[in-house]
Student: 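One structure coming up, written as structure tokens, with questions to follow.
We count ligands from 1, going down the list as the structure has it; atoms in each ligand are counted the same way.
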Amino acid sequence: MSPVPRGALIVVEGLDRAGKSTQCEKLCRWLEQEGRRVKHMRFPNRSTPIGKSIDSYLRGETQQEDHVIHLLFSANRWEAAPQIIEHIRSGTTVVIDRYYYSGAVYSAAKKNPNLTLEWAIQPEIGLPKPDLCIFLDISSTDAAARSGFGGERYETSEMQKRVRNLFQELLQKPQNKEMVAVNAGDSMEEVHETMRRLGNKLFEGEGLSKPLKS
Ligand code: T5A
Ligand code: NA
């Protein structure tokens, strides 16, 4: 009997209001229609004890030292890692709304001189590596045309500009070949179509015959 082919690990990243949640939903529905088993996850996962601390920090209800909150975001992924690995092993494709790319860039964007992009990526090393990371890129003008910023920490245009530059820096790194930028300023349907094309390319390619990397 041949083993069950593994699922894919697909991450959707981007700036606030880029349309990550909208596109993750659409992608999951399409994958299901294609007959694939799909698990939709998101980070931060605010439902665990660690996630609850992150949630109150994001709402501005509690303070955390920059490194501490960074490590909590990372721990929130590590606590889900065994589940991600098990889904993929058993043939389920996992679609994740934000992952360690957000983890690295939002912390590095704070301009704490002791918290560089290089430092920020260290605790993420060893987590399951995505087969595809779709970066939904949106200009501040296009983002401003969407509903206003919420009241959460990081939702300021100055922070978003730094976050965008750092995402661009990640895209250029040779070790991040799985990252693809998609213009999130297009219509929802156009963005979805581009993502379906990237999905098809992934499932038709050789990548999924190889084990999941970390
Ligand atoms: N964070 C996160 C860290 O600092 N470290 C970490 O490790 C992680 C994982 C929480 C915050 O935590 C930070 C980053 C964040 O600041 P969150 O809970 O994921 O992040 O919340 P957000 O990502 O901020 O959710 P957003 O509000 O940014 O929204 P989405 O998911 O990008 O966008 P979406 O789909 O909800 O759409 C936003 C609006 O735009 C419309 C939608 O209808 C909606 O109204 N829209 C479009 N309009 C026109 N054209 C399109 N193509 C559209 N697509 C969507
Ligand atoms: Na979202």
Student: Hey, what do you get for CG (Leu208) to CG (Leu202), rounding to the nearest 0.5 Å?
Tutor: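 Going from CG on Leu208 over to CG on Leu202, the span is 4.5 Å.
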Student: With sequence neighbours left out, which residue pairs that include part of residues 193-214 fulfil the ring-ring contact (aromatic ring centres under 6.0 Å, His included) condition?
Tutor: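 Matches after skipping sequence neighbours: none remain.
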Student: Can you check whether Tyr106 has an N/O within less than 3.5 Å of an N/O in ligand 1?
Tutor: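 No - when backbone and side-chain N and O of Tyr106 are compared with those of ligand 1, no distance drops under 3.5 Å.
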Student: So for ligand 1, is Ser21 a polar contact partner (N or O within less than 3.5 Å, distance only)?
Tutor: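 Min N/O separation from ligand 1 is below 3.5 Å for Ser21.
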Student: With a 4.5 Å limit on heavy-atom distance, are the side chains of Arg6 and Asp131 in contact?
Tutor: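 A side-chain contact under 4.5 Å exists here.
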Student: Please work out whether any backbone atom (N, CA, C, O) or any side-chain heavy atom from C-beta onward of Arg98 is under 4.0 Å from ligand 1, and answer side chain, backbone, both or neither.
Tutor: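 The answer is the side chain.
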Student: Distance under 4.0 Å to a non-hydrogen atom of Phe43: what atoms of ligand 1 satisfy this?
Tutor: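 Under 4.0 Å from Phe43, ligand 1 has these atoms: 9 (C).
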Student: Of the choices Val163, Leu136, Thr22, which has the non-hydrogen atom that lies closest to atom 34 (P) of ligand 1?
Tutor: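 It is Thr22 whose heavy atom sits nearest to atom 34 (P) of ligand 1.
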Student: Where on Glu190 is there a heavy atom closer than 4.0 Å to ligand 1, on the side chain, on the backbone, on both, or on neither?
Tutor: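 It is neither part, as no heavy atom is under 4.0 Å.
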Student: Taking the six-membered ring for Trp, are Phe167 and Tyr106 parallel (under 30°), tilted (30 to 60°) or perpendicular (over 60°)?
Tutor: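 Plane angle over 60°, so perpendicular.
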Student: Please say whether Pro44 places an N or O atom under 3.5 Å from an N or O atom belonging to ligand 1.
Tutor: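 No; every N/O pair is 3.5 Å or more apart.
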Student: Measure the acute angle between the ring planes of His192 and Trp30, then classify it against the limits of 30° and 60° as parallel, tilted or perpendicular.
Tutor: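 Plane angle over 60°, so perpendicular.
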Student: Considering Ser187, Gly19, Gly103, Ala120, which one's heavy-atom position lies nearest to atom 33 (O) of ligand 1?
Tutor: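 Among Ser187, Gly19, Gly103, Ala120, the closest heavy atom to atom 33 (O) of ligand 1 comes from Gly19.
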Student: Considering residues at least two apart in sequence or located in another chain, which fulfil the side-chain hydrogen bond (donor to acceptor under 3.5 Å, both in side chains) criterion with Asp55?
Tutor: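 Here the qualifying residues are Arg46, Arg59.
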Student: Which heavy-atom pair separates Gly60 from Arg153 by the least distance, and what is that distance?
Tutor: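 Heavy atoms only, the tightest pair is CA-NH2, 3.7 Å.
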Student: How does Arg77 reach ligand 1, by side chain, by backbone, by both or by neither, if only non-hydrogen atoms under 4.0 Å count?
Tutor: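 Side chain only.
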Student: Stepwise, does the side-chain contact (heavy atoms from CB on, under 4.5 Å) test hold for Asn112 with His67?
Tutor: CA-CA 9 Å; Asn112 179 329; His67 296 80; 4.0 Å; yes
Student: Thr62 side chain to Tyr57 main-chain N or O, any donor-acceptor pair under 3.5 Å?
Tutor: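 Indeed, once roles are kept as given, a pair shorter than 3.5 Å links the two residues.
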Student: So for ligand 1, is Phe73 a polar contact partner (N or O within less than 3.5 Å, distance only)?
Tutor: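 Min N/O separation from ligand 1 is not below 3.5 Å for Phe73.
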Student: Count the heavy atoms of every other residue, nucleotide or ligand shown that sit under 6.0 Å from NZ of Lys110, and state whether that count exceeds 12.
Tutor: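 Yes, because the 6.0 Å sphere around NZ of Lys110 holds more than 12 heavy atoms from other groups.
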Student: Under 3.5 Å, N or O to N or O, is Lys20 touching ligand 1 that way?
Tutor: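 It does: an N or O of Lys20 is found under 3.5 Å from an N or O of ligand 1.
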Student: For atom 53 (C) of ligand 1, which of Glu25, Arg17, Arg146 has the closest heavy atom?
Tutor: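 Selected option, by shortest heavy-atom distance: Arg146.
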Student: Side chain, backbone, both or neither: which part of Leu58 has a heavy atom under 4.0 Å from ligand 1?
Tutor: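 The answer is the side chain of Leu58.
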Student: Under 3.5 Å between some N or O of ligand 1 and some N or O of Asp97?
Tutor: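 For ligand 1, there is no N or O atom that lies under 3.5 Å from one belonging to Asp97.
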Student: Can you tell which part of Arg42 has a heavy atom less than 4.0 Å from ligand 1: side chain, backbone, both or neither?
Tutor: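 Just the side chain.
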